[in-house]
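One structure is given below, encoded as structure tokens.
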2 protein chains.
Amino acid sequence: MDKELLRQINQLHAEICGGLSDPKRIAILYSLADKPQSVNELAAALETPQPTLSRHLKILRERGMVTAERDGANIYYALADKRIIKALDLLREVLGDHLSKRSALAEAIS
Amino acid sequence: MDKELLRQINQLHAEICGGLSDPKRIAILYSLADKPQSVNELAAALETPQPTLSRHLKILRERGMVTAERDGANIYYALADKRIIKALDLLREVLGDHLSKRSALAEAIS
DNA sequence: GACAGATATTCGCACATGGGAATATCTGTA
DNA sequence: TACAGATATTCCCATGTGCGAATATCTGTC
């Protein structure tokens, strides 16, 4: 494959991952995986100011990770692809294993 | 689950994802998935200065995403968990689908 | 100890990111 | 048009991130 093209793909790949690299955005994605919601519904569910939600949703939208559909005055956001949640779940598993190893180590040491 | 505990877990989850949110680190992880390598081997393979590699490897190490094992003067890094690559592959698939949709749309429009 | 190779760290800088506050831009309705 | 609700954007600030350059810290060998 062309080296420059590969660089661009890795860049886009990293940007998608960057979409996941914030606790609030992770919460948003899991919440949207449960069901599509409007901005205000998300704001209530996640106890987060609406402008903050809008900014995070813009980031996720630009990366193609959520979809936005207008219904009257509301805009309903939805998870664009369930594989995003599968990826998050995998990484959460890795985190869990890593933590349990560390605490096992911590126990062994103390 | 305790709300504060959940916040901390989401924070760690986001930090792992942050480990993926850089093109060079993605290249490092894929390269290590192929085979464990020393820092200089990685530097040669990825055409990246050694100090840059060391800094990225530190980030991945701190998040438990790679392991480091000393062998003489060399330190061999390895992928800590194959699920990290599985997650990356899933996201790369999502990226691919998103791009092909966009270019299909671009064709349809033009 | 002296030296060379391998790896890690520090410094300085340019740039991106997240958030609160305020405001602007819609949309539907009277 | 006026108004209220929903969503998006902007400004400002504090903080984080990546990198080049230089330097420091190992490790093995003589």
Side-chain angles (χ1 to χ4, degrees), chain A residues 7-8 10-29 31-32 35-80, chain B residues 7-8 10-29 31-32 35-80:
Chain A
R7 244 181 43 85
Q8 289 187 21
N10 275 341
Q11 177 64 36
L12 292 173
H13 200 171
E15 282 174 11
I16 287 203
C17 294
L20 304 176
S21 67
D22 179 277
K24 292 222 169 95
R25 287 200 292 271
I26 290 180
I28 290 173
L29 290 168
S31 190
L32 290 182
K35 62 174 185 295
Q37 290 164 77
S38 69
V39 179
N40 274 341
E41 285 173 340
L42 278 173
L46 306 181
E47 301 177 10
T48 301
Q50 172 267 318
T52 299
L53 255 295
S54 275
R55 269 184 274 119
H56 283 303
L57 287 169
K58 180 181 186 179
I59 291 172
L60 295 172
R61 218 189 317 127
E62 288 171 345
R63 290 162 167 76
M65 304 168 76
V66 301
T67 60
E69 190 177 347
R70 163 150 260 143
D71 178 18
N74 301 313
I75 296 186
Y76 283 88
Y77 280 87
L79 185 65
Chain B
R7 244 180 43 85
Q8 289 186 21
N10 275 342
Q11 176 65 35
L12 292 173
H13 199 171
E15 282 174 12
I16 287 204
C17 295
L20 305 175
S21 67
D22 179 277
K24 292 221 170 97
R25 286 199 293 273
I26 290 179
I28 291 172
L29 290 168
S31 189
L32 290 182
K35 62 175 185 292
Q37 289 164 77
S38 69
V39 179
N40 275 340
E41 286 172 338
L42 278 173
L46 306 181
E47 301 178 9
T48 301
Q50 174 266 318
T52 299
L53 254 296
S54 274
R55 269 183 274 119
H56 282 303
L57 288 169
K58 180 181 185 179
I59 291 172
L60 294 173
R61 218 189 318 126
E62 287 172 344
R63 290 161 166 76
M65 304 168 75
V66 301
T67 61
E69 191 176 345
R70 163 151 259 143
D71 177 19
N74 302 312
I75 296 185
Y76 283 88
Y77 280 87
L79 185 65

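Nothing here was measured: the structure is a model prediction, and the numbers come from that model.
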Per atom distances to the S54(A) side chain, the nearest of dA8(C), dG18(C), dT9(D) is dT9(D)

Distance in angstrom units between L57(A) CG and dA8(D) P, rounded: 7 Å

T52(B) has its side chain closest, among dT7(C), dC19(D), dT27(D), to dC19(D)

Is it the case that dG20(C) (base atoms only) and R55(A) (side chain only) share a donor and an acceptor within less than 3.5 Å, ignoring hydrogens and angles? yes

Nearest listed nucleotide, side chain of P49(B), among dG20(D), dA6(C), dT7(C): dG20(D)

Report the distance from atom CG of D22(A) to atom CD of Q11(B), rounding to the nearest 0.5 Å. 8.0 Å

Distance check needed: dT17(D) C1' versus E15(A) CD, whole Å only. 15 Å

For dA8(C) and Y77(B) - does any side-chain N or O of the residue sit under 4.0 Å from the phosphate oxygens OP1/OP2? yes

Please identify which of these residues, E41(A), E69(A), R61(A), meets the side chain to side chain donor-acceptor pair (under 3.5 Å) condition with Y77(A). R61(A)

Is there, by distance only and without an angle test, a donor paired with an acceptor across the side chain of Q50(B) and the base of dA8(C) below 3.5 Å? yes

Below the 4.0 Å mark, does dT7(D) have OP1 or OP2 next to a side-chain nitrogen or oxygen of K58(A)? no

Atom-pair distance (CD on E69(A); C1' on dT7(D)), nearest Å: 16 Å

Whole-Å gap separating C1' (dA16(C)) and CD (Q11(A)): 12 Å

Could you tell me how far apart L46(A) (CG) and dG19(C) (C1') are, to the nearest whole angstrom? 16 Å

Atom-to-atom span, CD of E62(A) to C1' of dT9(D) - whole angstrom: 12 Å

About how many Å separate NE2 of H56(B) and CD1 of I26(B), when rounded to the nearest 0.5 Å? 11.0 Å

Between CD1 of I75(A) and C1' of dG5(D) the distance, given in whole Å, is 13 Å

Judged by atom type as modelled, is there a donor-acceptor pair below 3.5 Å linking the side chain of S21(B) to the main-chain atoms of G18(B)? yes

Nearest 0.5 Å, please: how far is CZ in R63(B) from CG in L12(B)? 10.0 Å

Whole-Å distance separating the CZ atom of R63(B) from the P atom of dG16(D): 12 Å

State whether H56(A) places a side-chain N or O below 4.0 Å from either non-bridging phosphate oxygen (OP1 or OP2) of dG19(C). yes

Nearest-nucleotide check on DNA chain C, R70(A) vs E41(B); residue mapping nearer the 5' end is E41(B)

Remember a base hit wins even if backbone is also touched, and classify I59(A) as base, sugar-phosphate or nothing at under 4.0 Å, heavy atoms. sugar-phosphate

Name the nucleic acid region contacted by Y76(B), choosing base, sugar-phosphate or nothing; use a 4.0 angstrom heavy-atom cut-off, strictly under. nothing

Kindly say if N74(B) contacts the phosphate of dT27(D), meaning a side-chain N or O under 4.0 Å from OP1 or OP2. no

